[in-house]
There are 2 protein chains.
Amino acid sequence: MLDEAEREELAKAGRTRKLKKGETLFTAGMSEAACATLLSGALKITSTDVDGRERILSLVHPSGFVGEMFAPYMRHDVVALGDSELCVFSGPAFAEAIERYPKLSQALLRRTQEDLYASRELLALTGNASAEQRVSGALLSISRAASDSPCHLARRFDLPISRGELADMLGLTIETVSRMLTRFEREGAIRRDGKRGIELVDPALLPLS
Amino acid sequence: MLDEAEREELAKAGRTRKLKKGETLFTAGMSEAACATLLSGALKITSTDVDGRERILSLVHPSGFVGEMFAPYMRHDVVALGDSELCVFSGPAFAEAIERYPKLSQALLRRTQEDLYASRELLALTGNASAEQRVSGALLSISRAASDSPCHLARRFDLPISRGELADMLGLTIETVSRMLTRFEREGAIRRDGKRGIELVDPALLPLS
DNA sequence: CGCCCCGTTGACCTCCATCAAGGAGGGTGG
DNA sequence: CCACCCTCCTTGATGGAGGTCAACGGGGCG
């Protein structure tokens with residue numbers, strides 16, 4: 001999307017930063033406009049409700065974008081799921097870069113639309129679906145993300161997140177997620193391989209497919 | 001954001017279209033890249049799951065943007081909630097306009113980010129919250145949207161959607177929404193005025209506030 | 001008037017959250 | 001090397017929130 005010179009110029013406007021697993025990049029309410037692109041690792045965007053329960057709003061993969069470029073404060077928490085490397089920009093610096101490079105805003109527009117659709121997909125998934133459908137939908141979605149082509153299922157993959165995080169993402173509890181995985185395995189749809197490994201034995205057996 | 005000449009030029013690239021209440025603008029899966037801005041009225045973006053239940057992913061207000069500019073097919077249904085007027089563009093025509101007017105992609109980026117946050121807010125709201133919290137959250141959010149300032153509550157407003165649509169948006173049933181409204185009224189938090197009218201008598205009594 | 005759609009209310013029952021207990025690594029220190 | 005602990009996962013028992021089914025009310029319209 002951007003050419004080499006533009007990329008370099010942009011990189012100079014930001015500053016790289018490393019995060020360890022569990023470290024926080026942004027906190028909701030922080031009165032600062034800043035944003036970042038993820039170079040390696042994985043992040044989660046979360047919000048915490050009044051009774052202290054965490055809800056995962058989005059997972060961020062390398063080349064993903066987080067933060068606020070227009071709003072004066074952060075709307076959500078951003079936390080590293082594993083050791084990660086980012087390129088962080090101040091809000092004004094990034095806004096200036098956008099003015100300077102029209103292609104940048106186009107690229108970002110594209111990516112933001114992807115994020116928007118991912119968010120709506122999650123919304124649809126957690127909407128009226130049963131726990132069974134949510135977990136199977138998440139498995140299929142993660143399998144798709146793990147494969148090279150976006151509409152192809154990876155037969156064998158590792159869950160990028162823990163049971164608890166998966167539960168937080170789906171609006172379920174750890175126990176329910178665990179029960180569903182057990183059920184899918186008993187029914188021969190999947191096979192569990194260690195804590196994180198999943199093999200899709202017969203995806204057609206998963207509800208909703 | 002755009003100046004007058006740009007606006008006019010853009011308007012010429014599109015074609016205005018009127019929709020009556022309930023008419024469909026786009027259907028999910030349609031293999032066509034097209035998009036539109038809403039001039040007046042209101043739209044809903046929905047997805048229908050396997051068992052035929054509809055889920056409202058977003059409400060679109062005037063100056064809102066819907067459709068696909070990059071993807072080759074429509075991901076969701078878009079339906080008019082009331083009589084509406086739009087300016088419709090073909091995907092390629094709009095992509096060209098974006099190339100031509102850098103400010104357009106910046107403006108659209110801003111709006112898309114707003115949509116993204118709205119979507120995530122809804123995600124957070126429908127995540128782990130109880131039916132009580134969801135309905136009260138929706139009331140407050142609609143009240144905020146109905147007032148002139150975005151962080152101020154309108155004391156008296158009309159629900160832009162029916163009970164059924166509100167239920168579809170919150171992942172609840174009509175009956176539950178109805179029961180919650182009854183409860184809020186009994187507890188003195190709101191007063192119902194006809195089918196659609198709501199008056200916030202004591203917003204502090206609403207859970208979660 | 002009679003129909004139809006939308007909303008309300010009640011009775012029941014299902015699904016999932018909650019509470020509780022136990023198992024399986026994996027890391028640390030003796 | 002083993003004992004210990006800690007975190008993550010699994011499994012079971014129980015109860016409650018909300019979905020489902022059913023009946024009724026009321027306003028708009030032909």
Side-chain angles (χ1 to χ4, degrees), chain A residues 20-22 44 49-56 81-82 125-139 158-187 190-198 207-208, chain B residues 20-22 44 49-56 81-82 125-139 158-187 190-198 207-208:
Chain A
K20 287 217 206 15
K21 172 173 175 168
K44 61 179 177 183
D49 64 21
V50 276
D51 5 305
R53 282 194 64 145
E54 173 176 304
R55 181 78 212 258
I56 295 186
L81 284 170
L125 181 62
T126 59
N128 299 310
S130 65
E132 199 178 34
Q133 291 171 319
R134 292 187 208 194
V135 175
S136 85
L139 286 182
D158 285 321
L159 294 174
I161 52 179
S162 71
R163 298 284 190 278
E165 285 160 340
L166 189 54
D168 286 338
M169 228 179 119
L170 297 175
L172 298 172
T173 58
I174 293 185
E175 295 94 323
T176 301
V177 170
S178 183
R179 277 187 250 273
M180 292 304 138
L181 291 177
T182 304
R183 183 191 300 179
F184 293 157
E185 186 168 34
R186 199 176 52 230
E187 292 171 348
I190 67 171
R191 210 177 57 71
R192 280 182 287 189
D193 179 16
K195 284 188 192 301
R196 295 291 182 92
I198 296 283
L208 150 152
Chain B
K20 287 217 208 17
K21 172 175 175 166
K44 61 179 175 182
D49 63 22
V50 278
D51 5 304
R53 284 192 64 143
E54 174 177 302
R55 181 78 212 258
I56 297 186
L81 284 170
L125 181 61
T126 60
N128 299 310
S130 66
E132 198 177 36
Q133 291 171 319
R134 293 187 207 194
V135 175
S136 84
L139 286 182
D158 284 322
L159 294 174
I161 53 179
S162 70
R163 296 286 189 277
E165 285 161 339
L166 188 54
D168 285 339
M169 223 176 122
L170 298 176
L172 298 172
T173 59
I174 294 184
E175 294 94 325
T176 302
V177 171
S178 184
R179 278 186 251 272
M180 292 305 140
L181 291 177
T182 303
R183 182 189 301 179
F184 293 156
E185 186 167 35
R186 198 176 52 232
E187 292 171 348
I190 66 170
R191 210 178 54 72
R192 281 182 287 190
D193 180 14
K195 283 189 194 300
R196 296 289 182 92
I198 296 284
L208 150 154

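A quick note: this is a predicted structure, and the numbers were derived from the prediction, not measured. Order of the sequence lines fixes the chain letters, A, B, ..., with proteins taken first and strands second; residue numbering starts at 1 for each chain.
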Could you go over nucleotides 16-22 of chain D and give all protein N or O partners under 3.5 Å, atom names and distances?
unit_1: dG18(D); atom_1: OP1; unit_2: Ala131(B); atom_2: N; d: 2.5
unit_1: dG19(D); atom_1: OP2; unit_2: Thr173(B); atom_2: N; d: 3.4
unit_1: dG19(D); atom_1: OP2; unit_2: Thr173(B); atom_2: OG1; d: 3.0
unit_1: dG19(D); atom_1: OP2; unit_2: Thr176(B); atom_2: OG1; d: 2.4
unit_1: dT20(D); atom_1: OP2; unit_2: Arg53(B); atom_2: NH1; d: 3.3
unit_1: dT20(D); atom_1: O4; unit_2: Arg179(B); atom_2: NH2; d: 2.9
unit_1: dC21(D); atom_1: N4; unit_2: Glu175(B); atom_2: OE2; d: 3.0

Stepwise side chain to side chain contact (heavy atoms under 4.5 Å, CB included) check, Arg55(B) with Asp49(B): CA-CA 8 Å; Arg55(B) 181 78 212 258; Asp49(B) 63 22; over 6 Å; no
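- Between the CZ atom of Arg186(A) and the C1' atom of dT11(D) there is a distance of 11 Å, given to the nearest Å.
- Protein atom CG of Asp168(A) is 15 Å distant from nucleotide atom C1' of dC9(D), rounded to whole Å.
- Atom CG of Asn128(B) is separated from atom CG of Asp51(A) by 8.5 Å, given to the nearest 0.5 angstrom.
- Rounded to an integer number of Å, the gap from Ile174(A) CD1 to dT18(C) P is 11 Å.
- Between the NZ atom of Lys21(A) and the P atom of dG26(C) there is a distance of 13 Å, given to the nearest Å.
- Under a 3.5 Å cut-off, the side chain of Glu185(B) and the backbone N or O of Arg192(B) do form a donor-acceptor pair.
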Evaluation steps, side chain to side chain contact (heavy atoms under 4.5 Å, CB included), between Val50(A) and Gln133(B): CA-CA 10 Å; Val50(A) 276; Gln133(B) 291 171 319; 3.9 Å; yes
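- For the pair Lys195(B) NZ and dG28(D) P, the computed distance is 8 Å after rounding to whole Å.
- Between the side chain of Arg163(A) and the backbone N or O of Lys195(A), at least one donor-acceptor pair lies under 3.5 Å.
- Straight-line distance from the CG atom of Leu181(A) to the C1' atom of dC9(D): 10 Å, rounded to whole Å.
- Leu166(A) places its CG atom 11 Å from the P atom of dT10(D), with the value rounded to the nearest Å.
- Between dT11(D) and Ser178(A), no contact under 4.0 Å exists linking OP1 or OP2 to a side-chain N or O.
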Side chain to side chain contact (heavy atoms under 4.5 Å, CB included) assessment of Glu175(B) paired with Arg179(B): CA-CA 6 Å; Glu175(B) 294 94 325; Arg179(B) 278 186 251 272; 3.4 Å; yes
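- When rounded to the nearest whole Å, the span between CD1 of Ile161(A) and P of dT7(D) equals 20 Å.
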